[in-house]
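Counting from 1, the numbers follow the sequence of the chain as shown.
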Amino acid sequence: RKIELVHRDSQTDPTAGIDAAKKLVELDKVVAIVGALSSGVTIPVATSVTIPSGIVQISPASTSPQITDLQDNDWLFRTSPSDALQGKVSGRLAKTLGFQTVSTIYVNNPYGSGLAKTFGQTLSEHGGKVVATVAYEEGRPSYRGELEQALKSKPQAIALFSYPENGVTLIRQAL
């Protein structure tokens, strides 16, 4: 069969993602969607559009553990490992590097919360402790308040679970 690619942009935003997916399904009559590239978009698109419509959705980048447990009737797939694996590896690495106390700062969405939770559980299982768990909202010009919260208990390290746009700001302000 000849394949025609149709592109719509989720803008890494759940509302825009749902809107784009509806257009792909209702207007473009696609049989499958590759995307979104964010768990925070993939999950709402799946629950609102692709699962109810019986359209396959494959994400090459969405890693939230929530995707694993989603009641999707086999309409949702991903090609990257779950944060459940990434969080375990990060938690073990922190302990291997000798950190007993760590604070986490994470983007406040399914990606960030899932990764921070699994990281904390794994670090705890290996004898370490998360002394502060701080969520942040994307797109803010400053994260000094979040950094102060994370540093309040004097951790040996901060584990940052972020996207590059905000991660760069957080790291610069931390330094």
**Student:** Check step by step if side-chain contact (heavy atoms from CB on, under 4.5 Å) holds for Leu85 and Thr63.
**Tutor:** CA-CA 9 Å; Leu85 174 61; Thr63 56; over 6 Å; no
**Student:** Determine whether Lys22 and Val25 make a side-chain contact, defined as any pair of heavy atoms from C-beta on separated by less than 4.5 Å.
**Tutor:**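 Contact flag for Lys22/Val25 side chains = no.
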**Student:** Give every donor-acceptor pair under 3.5 Å between a side-chain atom in residues 116-127 and any protein atom, sequence neighbours left out.
**Tutor:**
{"unit_1": "Thr118", "atom_1": "OG1", "unit_2": "Gly114", "atom_2": "O", "d": "3.0"}
{"unit_1": "Thr122", "atom_1": "OG1", "unit_2": "Thr118", "atom_2": "O", "d": "2.9"}
{"unit_1": "His126", "atom_1": "ND1", "unit_2": "Thr122", "atom_2": "O", "d": "2.9"}

**Student:** Do the side-chain N and O atoms of Ser64 and Asp83 include a donor-acceptor pair separated by under 3.5 angstrom?
**Tutor:** no
**Student:** Do Thr101 and Lys154 have side chains that get closer than 4.5 Å, going by heavy atoms?
**Tutor:**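 Sidechains of Lys154 and Thr101: no contact.
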**Student:** Hydrophobic clusters here meaning ILVMFWY residues chained together by side-chain heavy-atom distances under 4.5 Å, can you tell me if Ile3 and Leu24 are in one?
**Tutor:**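 No, separate clusters.
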**Student:** Taking all non-hydrogen atoms of both residues into account, name the closest pair between Ala84 and Pro65 and its distance.
**Tutor:** N-CG, 3.8 Å
**Student:** Which distance, rounded to the nearest 0.5 Å, do you find between the NZ of Lys95 and the CG of Leu93?
**Tutor:**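 Between Lys95 NZ and Leu93 CG, I get 12.5 Å after rounding to 0.5 Å.
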**Student:** If every non-hydrogen atom of Val134 is compared with every non-hydrogen atom of Ala150, which pair is closest and at what distance?
**Tutor:** CG2-N, 3.9 Å
**Student:** Compare every heavy atom of Gln86 with every heavy atom of Pro81, then report the nearest pair and how far apart it is.
**Tutor:** O-NE2, 3.4 Å
**Student:** Nearest 0.5 Å, what's the CG-CH2 distance between Asn73 and Trp75?
**Tutor:** 8.5 Å
**Student:** Look at the side-chain heavy atoms of Ile, Leu, Val, Met, Phe, Trp and Tyr, link any pair under 4.5 Å apart, and say whether Val41 and Leu115 land in one connected group.
**Tutor:** no
**Student:** Using a 3.5 Å distance criterion without hydrogens, assess whether the side chain of Ser38 forms a donor-acceptor pair with backbone atoms of Gly40.
**Tutor:** yes
**Student:** Verify, without hydrogens or angle tests, whether Gln156 (side chain) and Gln100 (backbone) share a donor-acceptor contact under 3.5 angstrom.
**Tutor:** yes
**Student:** Test of understanding: clusters of I, L, V, M, F, W, Y form through side-chain heavy atoms closer than 4.5 Å, transitively. Do Ile105 and Leu151 belong to the same one?
**Tutor:**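 Both belong to a single hydrophobic cluster.
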**Student:** Above 12 or not: heavy atoms from other molecules or residues under 6.0 Å from NZ of Lys88?
**Tutor:** no
**Student:** What is the minimum heavy-atom distance between Leu147 and Leu170, and which atoms define it?
**Tutor:**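 Smallest interatomic distance, heavy atoms only, reads CD1-O, 3.8 Å.
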**Student:** Checking side chain to side chain contact (heavy atoms under 4.5 Å, CB included) between Phe77 and each of Ile67, Asp72, Ile58, which is the one that passes?
**Tutor:** Ile58
**Student:** For Arg140, which residues count as a salt bridge (charged side-chain N to carboxylate O under 4.0 Å, His left out) partner, sequence neighbours excluded?
**Tutor:** Glu146
**Student:** What I'd like to find out is whether the side chain of Thr104 reaches to under 4.5 Å of the side chain of Ile158, using heavy atoms alone.
**Tutor:** no
**Student:** With distance as the sole test, does Lys29 use its side chain to make a donor-acceptor pair with the main-chain N or O of Glu26 at under 3.5 Å?
**Tutor:** yes
**Student:** Find out if a path of hydrophobic residues (ILVMFWY) with successive side-chain heavy-atom gaps under 4.5 Å connects Leu37 to Tyr163.
**Tutor:** no
**Student:** Can you tell me if Ser48 uses its side chain to pair, donor with acceptor, with the backbone of Ile18 under 3.5 Å?
**Tutor:** no
**Student:** Can you name the closest pair of heavy atoms from Thr133 and Tyr106 and give their distance?
**Tutor:** CG2-CE2, 3.4 Å
**Student:** Begin with the C-alpha distance, continue with both residues' side-chain angles, and end with the deciding distance and a verdict on side-chain contact (heavy atoms from CB on, under 4.5 Å) for Val131 and Val102.
**Tutor:** CA-CA 6 Å; Val131 294; Val102 178; over 6 Å; no
**Student:** Would you compute the distance between atom CD of Gln66 and atom OG1 of Thr47 and round it to the nearest 0.5 angstrom?
**Tutor:**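 Answer for the CD-OG1 pair, Gln66 versus Thr47, is 10.5 Å.
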**Student:** Considering residues at least two apart in sequence or located in another chain, which fulfil the salt bridge (charged side-chain N to carboxylate O under 4.0 Å, His left out) criterion with Asp19?
**Tutor:** Lys23
**Student:** Take Ser39 and Arg78 through the test side-chain hydrogen bond (donor to acceptor under 3.5 Å, both in side chains) and record every step on the way to the result.
**Tutor:** CA-CA 10 Å; Ser39 299; Arg78 62 173 159 208; 5.6 Å; no
**Student:** Same cluster for Leu76 and Val56 if Ile/Leu/Val/Met/Phe/Trp/Tyr side chains link at under 4.5 Å?
**Tutor:**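 In one cluster with Leu76: Val56, yes.
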**Student:** Would you confirm whether Ser59, through its side chain, and Ser62, through its main-chain N or O, come within 3.5 Å as a donor-acceptor pair?
**Tutor:**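 Answer holds: yes.
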**Student:** To the nearest 0.5 Å, what is the distance between CG on Asn166 and CD on Glu137?
**Tutor:**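 Taking CG in Asn166 and CD in Glu137, the distance rounds to 10.0 Å.
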**Student:** Within a strict 4.5 Å, meaning less than it, do heavy atoms of the Ile33 and Ile55 side chains meet?
**Tutor:** yes
**Student:** Any idea which heavy atoms bring Val107 and Tyr111 closest together, and the distance?
**Tutor:** CG1-CD2, 3.7 Å
**Student:** According to the interplanar angle, ranging from 0 to 90°, do the rings of Tyr136 and Tyr143 count as parallel (below 30°), tilted (30 to 60°) or perpendicular (above 60°)?
**Tutor:**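 If you compare the ring of Tyr136 with that of Tyr143, the planes turn out perpendicular.
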